[in-house]
Amino acid sequence: MTSRQHDGPVRRTIRTVTLSGPLLWTLLAACTPARVDATNSPSVLLVTIDSLRADHMGSYGDGDAITPTFDRLAASGTLFLRAYTSTPQSIPAHATLMTGRYPPAHGVRDDGDFALGEEQITLAERFHRSGYATVAVASSFTARRRWGLGQGFDIYNEPDTPARSGSHIDEQPADVAIDRALSLLSQVPLDRPVFMWVHLFDPHAPYDAPPQFATMFPGSPYDGEVAFVDDELGRLLVAWEMRFGAESSVVAVTAPHGESLGHGGEDTSGV
């Protein structure tokens, strides 16, 4: 994987991180103050994008990628050049992101067969105990509340339609997820800091980007999905920065795992 590094200091308008689950947990947990002060406690936005590969983003050296939002975050924040997943499966990887613990410790060892126990302490619980409003928007079966990922959230929005066994039919596309995130964010009182988790699923197979993005990459529907997510993330960040300001909030963007796309003989992820 090739990576673009900054030649000199950059203005830290938004602090952006992409790194391993336990280290991300440590950094975000450090944002939780003992007492909430609406003027000094930073609101925190965590975005996880299922199956997003670093080397299909402009900020990591892909000259064909159409990812201006990701690239702006990388240029104005902190870009981690080495990022590792705890496991290439969405549910246990998200459990690691939310607890800072590896699967043998938090107990979620596979997709669909395990749920995070109530004895585990999540990021949302830490923020909630500090007085934050906590809001989540999940976009697929793999991020539903039933897996224990809703612990500590005041509001947990998930797809309306249950998934059929073995499918992701309940996926809500990024535009719907961002619409819901913006609606929920507008309901939080202005005098409370917010911890918001937005989970996006579009780069996960099957790849079915809206036509205007699919036509940008006729030979790579996966890249059309990445471009679509980038565009919708930009819409969320505009609203986020208008409300909280770029200087006084924290934005973290990462992926629970990547996508093989045929490398190593695997089309998607899991093995």
Side-chain angles (χ1 to χ4, degrees), residues 1-8 10-20 24 45-85 88 90 93 97 139-140 168 171-178 181 198-241 246 251-264 266-269:
M1 181 179 73
T2 59
S3 302
R4 185 184 68 189
Q5 302 186 50
H6 302 301
D7 296 327
V10 295
R11 182 169 175 263
R12 293 305 197 261
T13 55
I14 301 178
R15 288 156 284 176
T16 307
V17 294
T18 55
L19 64 167
S20 67
L24 176 59
L45 173 64
L46 170 62
V47 180
T48 62
I49 304 170
D50 232 299
S51 304
L52 178 64
R53 281 181 65 131
D55 60 353
H56 282 243
M57 302 161 67
S59 53
Y60 282 95
D62 185 351
D64 295 324
I66 301 178
T67 54
T69 303
F70 293 137
D71 300 345
R72 177 176 72 86
L73 288 171
S76 63
T78 301
L79 177 68
F80 284 78
L81 301 182
R82 297 178 181 174
Y84 303 91
T85 185
S90 297
L97 286 167
S139 291
S140 78
H168 299 293
E171 175 188 351
Q172 58 183 11
D175 53 348
V176 174
I178 297 305
V198 176
H199 162 257
L200 301 174
F201 194 71
D202 302 80
H204 192 289
Y207 316 123
D208 186 25
Q212 64 268 38
F213 294 95
T215 55
M216 296 177 182
F217 301 93
S220 179
Y222 174 83
D223 288 297
E225 293 277 39
V226 173
F228 173 46
V229 166
D230 182 272
D231 190 68
E232 288 300 322
L233 178 60
R235 190 160 63 94
L236 172 61
L237 291 182
V238 167
W240 180 270
E241 293 173 19
V251 175
V253 178
T254 189
H257 59 78
E259 191 84 326
S260 291
L261 299 178
H263 291 187
E266 182 170 10
D267 292 333
T268 56
S269 63

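Just so you know, these numbers use all the heavy atoms, side chains as well, and skip hydrogens, waters and symmetry mates.
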Is there a side chain to side chain contact (heavy atoms under 4.5 Å, CB included) between Met57 and Leu52? Walk through the geometry before answering.
CA-CA 9 Å; Met57 302 161 67; Leu52 178 64; 3.9 Å; yes
What residue pairs, at least two apart or across chains, pass side chain to side chain donor-acceptor pair (under 3.5 Å) with a residue in residues 205-217?
Tyr207-Glu259
Check: Thr69 and Arg235 side chains under 4.5 Å, non-hydrogen atoms:
no
Flag the pair Ile66 / Phe213 as yes when at least one side-chain heavy-atom distance between them is below 4.5 Å, and no otherwise.
no
Results of side chain to side chain contact (heavy atoms under 4.5 Å, CB included) for Val176 - residues two or more places apart only:
Gln172, Pro173, Arg180
Where do Ser269 and Gly258 come nearest, in terms of heavy atoms and distance?
CB-O, 3.8 Å
If I take atom OG from residue Ser59 and atom CG from residue Leu81, how far apart are they, to the nearest 0.5 angstrom?
9.5 Å
Check whether any side-chain heavy atom of Val226 lies under 4.5 Å from a side-chain heavy atom of Arg53, and answer yes or no.
no
If you compare all heavy atoms of Phe217 against all heavy atoms of Ala227, which two are closest, and at what distance to 0.1 Å?
CE1-CB, 4.0 Å
4.5 Å side-chain heavy-atom contact, Asp62 and Asp55
no
Partners meeting side-chain hydrogen bond (donor to acceptor under 3.5 Å, both in side chains) with Thr268 (sequence neighbours left out):
none
Heavy-atom check, side chain of Leu237 versus side chain of Arg72, under 4.5 Å:
yes
Looking only at heavy atoms, the pair that brings Ser139 and Ala177 closest together is OG-CB, 3.3 Å
Of all heavy-atom pairs between Asp175 and Phe228, which one has the smallest distance, and what is that distance?
N-CZ, 3.7 Å
Leu97 and Pro256 have their tightest heavy-atom pair at CD1-CA, 4.2 Å
For Ser90, what residues pass the side-chain hydrogen bond (donor to acceptor under 3.5 Å, both in side chains) criterion, not counting sequence neighbours?
Asp50, His257
In this structure, which one of Ile49, Val253, Leu45 forms a side-chain contact (heavy atoms from CB on, under 4.5 Å) with Val198?
Leu45
Hey, can you tell me if Phe201 and His204 have their rings parallel, tilted or perpendicular (30° and 60° cut-offs)?
parallel
Which atom of Glu225 lies closest to which atom of Pro206, heavy atoms considered
OE2-O, 3.9 Å
From Val47, Leu233, Leu79, residue fulfilling side-chain contact (heavy atoms from CB on, under 4.5 Å) relative to Leu73
Leu233
Using the test side-chain hydrogen bond (donor to acceptor under 3.5 Å, both in side chains), find all partners of Asp223 that sit at least two apart in sequence or belong to another chain.
His56, Ser220
State which residues pass ring pair (Phe, Tyr, Trp, His ring centres under 6.0 Å) with Phe70; sequence neighbours excluded, sorted by chain then number.
none
